[in-house]
Enquirer: 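First the structure, then my questions, so here it is.
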Amino acid sequence: MIQPIFWENDTLWIVDQTLLPAEYKKIEIHDHNEMADAIKRLSIRGAPAIGIAAAFGLVLGLKPFTNASKDLFLSKLAEISDILRNTRPTAVNLSWTLQRMKNLAQSLTDAPVPMIWKRLLNEAQQIHQEDIDMCLRIAQNGQSLIPQNAGILTHCNTGGLATGGLGTALGIIITAHKSGKNIHVFVDETRPLLQGARLTAWELIQENIPFTLISDNMAAYIMSSGKTDAVIVGADRIAANGDTANKIGTYGLAVLAKYHHVPFYIAAPSSTIDPLISSGKEIVIEERSDAEVREIFGVKIAPEDCPAISPAFDVTPNSLITAIITEQQIFRPPYYFK
Ligand code: MRU
């Protein structure tokens, strides 16, 4: 299984995804500031993976305070959580794991600080393990939606690199392939940062799954040719009504899928559902540096300083989503998550 994050012998490692596919390199993360930087520059990315990373980042950041008073330890927990939470605003998994860690620390009223720290480490490992299990269940739940000989279009990267386990949308695809369904994947390159071309293509090669890389503007052409039986993508935040934020370009794919009568599926763990917001209008969309659009990995592809924008995500309205696949079940519209 491809994994983006490892806790080994009291040391935390992540795979630096900015270097893939040219280089597979693990880097050690020493504290919460290094983790926050790694999340911001997308060395580790994907909603479930950054949730897990934030939990371990908090543990690392609190390590120097295991001999401090409980008051200082808890105030550092709040301070470090804020730093980690503010790295990327869209994926709810970050605040979900950090809130879970805080709740645990606050519940251990009689425990000494070194024990609270140890329990937080166990909790981060537990969050990681739960994500592995959720990916497996999402993959199983999605199987009934995948026909034999299916052409499946996907966007961004939702595989092992983006999660603790097998992946979400890609986990469904990998499992369908392994069960002998003769799958062919169309991989959107996913501009501006090319998670599809760099990461999904790399993962599909590791898994030996047939695929074709397409630039994002080819999706309508591929769908009109009748080669796609489903579009499956992941999610960064799902509102109570099913509106879903995912990588920029997802909304356009959903519109195209509706027009071409291709089912459009979201696959995500329940940790990506935010029942506290009623609709996608409340989702904050991360704005990244506009240089990401003018350049591809430092190479200028537009005139110097030409105006550009780089929203990292868009929101697909629930009316365009055929089903949402979680580890619990397949949800069909109308969506109402609690
Ligand atoms: O900016 P990224 O690469 O973190 O965006 C990732 C996505 O949009 C994924 O589709 C989403 O996080 C789900 S990953 C299982």
Side-chain angles (χ1 to χ4, degrees), residues 1-5 14-18 20 38-54 87-94 96-97 128 131-132 134-139 142 153-174 187-203 216 231-238 244-254 264-274 280 283-289 292-293 310-316 321 324-327:
M1 187 169 71
I2 293 160
Q3 278 206 289
I5 188 160
I14 61 166
V15 176
D16 186 348
Q17 298 185 34
T18 62
L20 282 168
I39 295 173
K40 274 191 214 153
R41 66 172 186 266
L42 309 197
S43 286
I44 184 149
R45 45 142 301 280
I50 60 176
I52 298 163
T87 51
R88 300 194 75 191
T90 305
V92 72
N93 309 60
L94 266 179
W96 182 84
T97 55
H128 192 178
D131 193 64
I132 294 173
M134 285 194 285
C135 284
L136 282 173
R137 293 208 297 279
I138 291 167
L153 197 147
T154 192
H155 191 63
C156 197
N157 171 264
T158 60
L161 289 169
T163 63
L166 183 63
T168 57
L170 210 60
I172 293 173
I173 293 169
I174 292 168
V187 178
D188 258 3
E189 64 174 350
T190 318
R191 269 285 282 153
L193 295 180
L194 301 171
Q195 288 92 330
R198 295 187 302 107
L199 308 176
T200 301
W202 183 79
E203 287 201 37
D216 297 333
V231 178
I232 315 182
V233 298
D236 286 82
R237 192 181 293 236
I238 301 172
T244 295
N246 190 49
K247 179 53 56 195
I248 190 77
T250 302
Y251 176 24
L253 286 178
F264 181 88
Y265 302 122
I266 298 286
S270 49
S271 51
T272 302
I273 296 170
D274 184 356
I283 299 177
V284 176
I285 298 295
E286 175 185 358
E287 285 286 339
R288 297 186 61 85
S289 162
E292 289 179 351
V293 175
S310 189
F313 304 96
D314 56 26
V315 176
T316 301
I321 301 171
I324 297 177
I325 308 151
T326 76
E327 78 282 3

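Fair warning: this is a prediction, and the values are worked out from it, not measured in the lab. As the structure lists them, so they are numbered: ligands from 1, and atoms in each ligand from 1. The first residue in the sequence is number 1, and the count goes up from there. The analysis underlying the following values was restricted to heavy atoms, covering all of them including side chains, and did not include hydrogens, waters or symmetry mates.
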Enquirer: Say you draw a straight line from OH of Y265 to OG1 of T154; how long is it, rounded to the nearest 0.5 Å?
Expert: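 Here the rounded value is 13.5 Å.
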
Enquirer: Considering distance alone, does some N or O of F313 sit under 3.5 Å from an N or O of ligand 1?
Expert: no

Enquirer: Strictly under 4.0 Å, does any heavy atom of T163 approach an atom of ligand 1?
Expert: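 It does; at least one heavy atom falls under 4.0 Å.
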
Enquirer: Starting from atom 15 (C) of ligand 1, find the nearest protein heavy-atom neighbour and note its residue, name and distance.
Expert: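 Of the protein heavy atoms, T168 OG1, 3.3 Å lies nearest.
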
Enquirer: Taking atom types as modelled, find out whether R198 and N157 have a side-chain donor-acceptor pair closer than 3.5 angstrom.
Expert: no

Enquirer: Identify the protein heavy atom lying closest to atom 7 (C) of ligand 1, giving its residue, its atom name and the separation to 0.1 Å.
Expert: D236 OD1, 3.3 Å

Enquirer: Show the numbers, then the answer: is there a side chain to side chain contact (heavy atoms under 4.5 Å, CB included) between Q195 and Q17?
Expert: CA-CA 9 Å; Q195 288 92 330; Q17 298 185 34; over 6 Å; no

Enquirer: Heavy atoms only: which of Q195, R88, R237 lies closest to atom 4 (O) of ligand 1?
Expert: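 Among Q195, R88, R237, the closest heavy atom to atom 4 (O) of ligand 1 comes from R88.
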
Enquirer: Salt-bridge test for R237 and D274: reply yes if a basic N is under 4.0 Å from a carboxylate O, no otherwise.
Expert: yes

Enquirer: Just by distance, do the side chain of D314 and the backbone of I248 share a donor-acceptor pair under 3.5 Å?
Expert: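 Side chain of D314 to backbone of I248, a donor-acceptor pair under 3.5 Å: no, none is there.
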
Enquirer: Look at atom 13 (C) of ligand 1 and say which protein heavy atom is nearest, naming residue and atom and giving the distance to 0.1 Å.
Expert: A235 O, 3.4 Å

Enquirer: Does the N or O separation between G46 and ligand 1 drop below 3.5 Å for any pair?
Expert: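 Such a contact does occur with ligand 1.
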
Enquirer: Which of the numbered atoms in ligand 1 are below 4.0 angstrom from a heavy atom of A162?
Expert: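 Ligand 1 atoms under the 4.0 Å threshold to A162: 14 (S), 15 (C).
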
Enquirer: Is it the case that the side chain of S43 and the backbone of I39 share a donor-acceptor pair, with hydrogens and angles ignored and the cut-off at 3.5 Å?
Expert: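 Answer holds: no.
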
Enquirer: Taking atom types as modelled and ignoring hydrogens, do the side chains of T18 and D16 form a donor-acceptor contact shorter than 3.5 angstrom?
Expert: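 There is such a pair between these side chains.
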
Enquirer: Taking only heavy atoms of K247 into account, list the atoms of ligand 1 that are under 4.0 Å away from them.
Expert: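 Within the 4.0 Å cut-off of K247, ligand 1 contributes 1 (O), 2 (P), 5 (O), 8 (O).
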
Enquirer: Below 3.5 Å, N or O to N or O, backbone or side chain included: is there any such pair between R45 and ligand 1?
Expert: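 Yes - when backbone and side-chain N and O of R45 are compared with those of ligand 1, one distance drops under 3.5 Å.
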
Enquirer: Could you tell me if any non-hydrogen atom of A312 lies under 4.0 Å from any atom of ligand 1?
Expert: no

Enquirer: Is the closest heavy atom of P48 to ligand 1 under 4.0 Å?
Expert: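 A heavy atom of P48 does come that close to ligand 1.
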
Enquirer: Identify, by atom number and element, the atoms of ligand 1 in contact range of N246, meaning under 4.0 Å from any of its heavy atoms.
Expert: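 What qualifies from ligand 1 is 7 (C), 8 (O), 9 (C), 10 (O), 11 (C).
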
Enquirer: Heavy atoms, side chains only, cut-off 4.5 Å: are I172 and I138 in contact?
Expert: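 Yes; the side chains approach each other to less than 4.5 Å.
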
Enquirer: Counting only nitrogen or oxygen atoms and a 3.5 angstrom limit, does H155 reach ligand 1?
Expert: no

Enquirer: Any heavy-atom pair between the side chains of E286 and K40 that's under 4.5 Å?
Expert: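 A side-chain contact is absent here, since even the closest heavy-atom pair is not under 4.5 Å.
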
Enquirer: Numbering the atoms of ligand 1 from 1, which are under 4.0 Å from a heavy atom of A47?
Expert: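 Numbered from 1, ligand 1 contributes 12 (O), 14 (S).
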
Enquirer: Answer side chain, backbone, both or neither: which part of C156 comes under 4.0 Å from ligand 1, heavy atoms only.
Expert: side chain

Enquirer: Among T163, T97, I132, find the one that has a side-chain contact (heavy atoms from CB on, under 4.5 Å) with P48.
Expert: T163

